[in-house]
Amino acid sequence: MLMGAESSGWGELDAADKARLADLLSRVEKKGADMLGYPCNQLFDYSELLPFLAYHMNNLGDPFAETNFGSNTHDFEREVISEYARLTHAPVDNMWGYVTNGGSEGNLYGLYLARELYPQGIVYYSEDTHYSVAKSLRLLGARSIMIRCQDNGEIDYADLFETLRIHRDTPPILFANIGTTMKGATDNVGRLRQILSELRLPGSYIHVDAALSGMILPFVDDPVPWDFAAGADSISTSGHKMIGSPLPCGIVIAKRNHVERIARSVEYVGVLDTTITGSRNAFCPLLLWYAMKRLGFEAMQKVIARCLKYADYAISEFERRGIPAWRNKNSITVVFPRPTDALIAKWQIAPYGDIGHLITMPHVTRTMIDRFVKDYVCHPPTGLVRCPVGGPGARAKTTSSELSLENEK
Ligand SMILES: *Cc1c(COP(=O)(O)O)cnc(C)c1O
């Protein structure tokens, strides 16, 4: 609530503190513009929503159930969930979800549901799975087994098959990656379902971690089978990654019959306690609703196509200089040999072992790519083995004649 300073007890900031805020603003402006290694879209305009920051809103409880706490955005949250459920082919009469604090919470939720349904179940996840998942498994006290990856970051189906076969008396909970953090690799959910049915395993569950690519694959022509149509039981995605948002957020969708089996009602707030936290952010559902209204399906298709084109552009610029760079199909994550520490800091690159990546998010321009590649070539990592053009990394790329970036900044 907007207030007079007197009744609130809030005094004015002194000059030094005001200067600190100004410094912070310029630091954030500068860092945001140079962000090449993290998948946080910096292109958005939510200024129309600023008036809502003057109020406390709280989405505690299940967005699909009644509550006696009125200052919420549950109606907007439901629209966001319905829209994402539609994009992921969730069964219309059997879907449920809520807006989370990010992809990690959605993954925790999916694993929580699965563990409640199959208390003895074993969680299988690939070695390239996001680091937060091991922690969530410990939180839940769930049994788990790590599965090998192929070189491109996709789960090794043969290793999974063998491991499942050895444990065929225990319900499997498969944790699938749709866009791994480091290599943008996607596990084929259709193939996971097929493996489960070949082995005739008892009850099973597939949770899909689609933090970044969950907002890419709905907008491309030929995605790998990955969503509810392919056999997912729950899907988590991040809101601040592909869509872009000033606050971290995400969406989790699950089949409603799973959720109903574990829902508990709480008298104090008159809500169904189906979500992980009590009080929940009410502003983020509004942000996502607003972005979905202003972007729309065709606009997203164009944004994604441009990101993919820029990823190919980055690959061809690396390759032209003999540096092996590559990406997975429908991924905007471009992988190359790990840069020097100085470059990692300057460009906010996330390194892992001997690789680094850049991610051609919507705010990434051709100029940024050119500057980075030039910087990389001038300060190459030690031991870099250059390859001939079209060498080992040349996967899933278009030819440079298909790249027409001339009209873009
Ligand atoms: C970023 C990421 C996460 C975590 O999502 P947050 O929104 O940061 O919580 C989980 N899985 C993958 C594959 C990611 O890339």
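Atoms within a ligand are numbered from 1 in the order they appear, just like the ligands themselves.
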Item to complete: Please tell me if the side chains of Leu308 and Val220 come closer than 4.5 Å, counting only heavy atoms from C-beta onward.
Response: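 Yes, close enough: below the 4.5 Å cut-off.
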
Residue part near ligand 1, for [X], under 4.0 Å between non-hydrogen atoms:
X	result
Glu105	neither
Ala211	side chain
Asn107	side chain

Indicate yes or no: does an N/O atom of [X] lie under 3.5 Å from an N/O atom of ligand 1?
X	result
Gly102	no
Asp209	yes
Ser238	yes
Ser132	no

Discussion item. Taking atom CG as the centre, does Asp75 end up with more than 12 heavy-atom neighbours from other residues, nucleotides or ligands that are less than 6.0 angstrom away?
Written reply: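 Yes, the 6.0 Å shell around CG holds more than 12 heavy atoms from other groups.
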
Discussion item. Parallel, tilted or perpendicular: which one describes the rings of Tyr98 and Tyr109, with boundaries at 30° and 60°?
Written reply: perpendicular

Fill in: Trp96 and Phe64 aromatic ring geometry - parallel, tilted or perpendicular at 30°/60° bounds
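Tilted, since the angle between the ring planes falls between 30° and 60°.
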
Response to the item:
Among Cys249, Ala350, Ser104, Gly214, the residue with a heavy atom nearest to atom 9 (O) of ligand 1 is Ser104

Fill in: Closest to atom 3 (C) of ligand 1 (judged by heavy-atom distance), picking from Met182, His240, His130
His130

Item to complete: Please state whether Gly179 comes within less than 4.0 angstrom of ligand 1, counting heavy atoms only.
Response: yes

Worksheet item: Closest non-hydrogen protein atom to atom 2 (C) of ligand 1, residue and atom name please, with distance?
Response: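 Going by distance alone, atom 2 (C) of ligand 1 is nearest to Lys241 NZ, 2.4 Å.
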
Practice prompt. Around atom 6 (P) of ligand 1, find the nearest protein heavy atom and jot down its residue, atom name and distance.
Written response: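 Closest protein heavy atom to atom 6 (P) of ligand 1: Gly103 N, 3.3 Å.
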
Worksheet item: Is a side-chain N or O of His207 found less than 3.5 angstrom from the main chain of Leu174, in a donor-acceptor match?
Response: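 Absent.
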
Discussion item. Given 3.5 Å as the limit, does a donor-acceptor pair link the side chain of Arg327 with the main chain of Ser331, or not?
Written reply: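 Confirmed, Arg327 side chain pairs with Ser331 backbone.
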
Fill in: Working for salt bridge (Lys or Arg N to Asp or Glu O under 4.0 Å), residues Lys374 and Glu317
CA-CA 9 Å; Lys374 195 168 157 215; Glu317 287 303 289; over 6 Å; no

Worksheet entry | Within the 6.0 Å centroid threshold, strictly below: Phe372 and Phe336 |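 Under 6.0 Å, so yes.
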
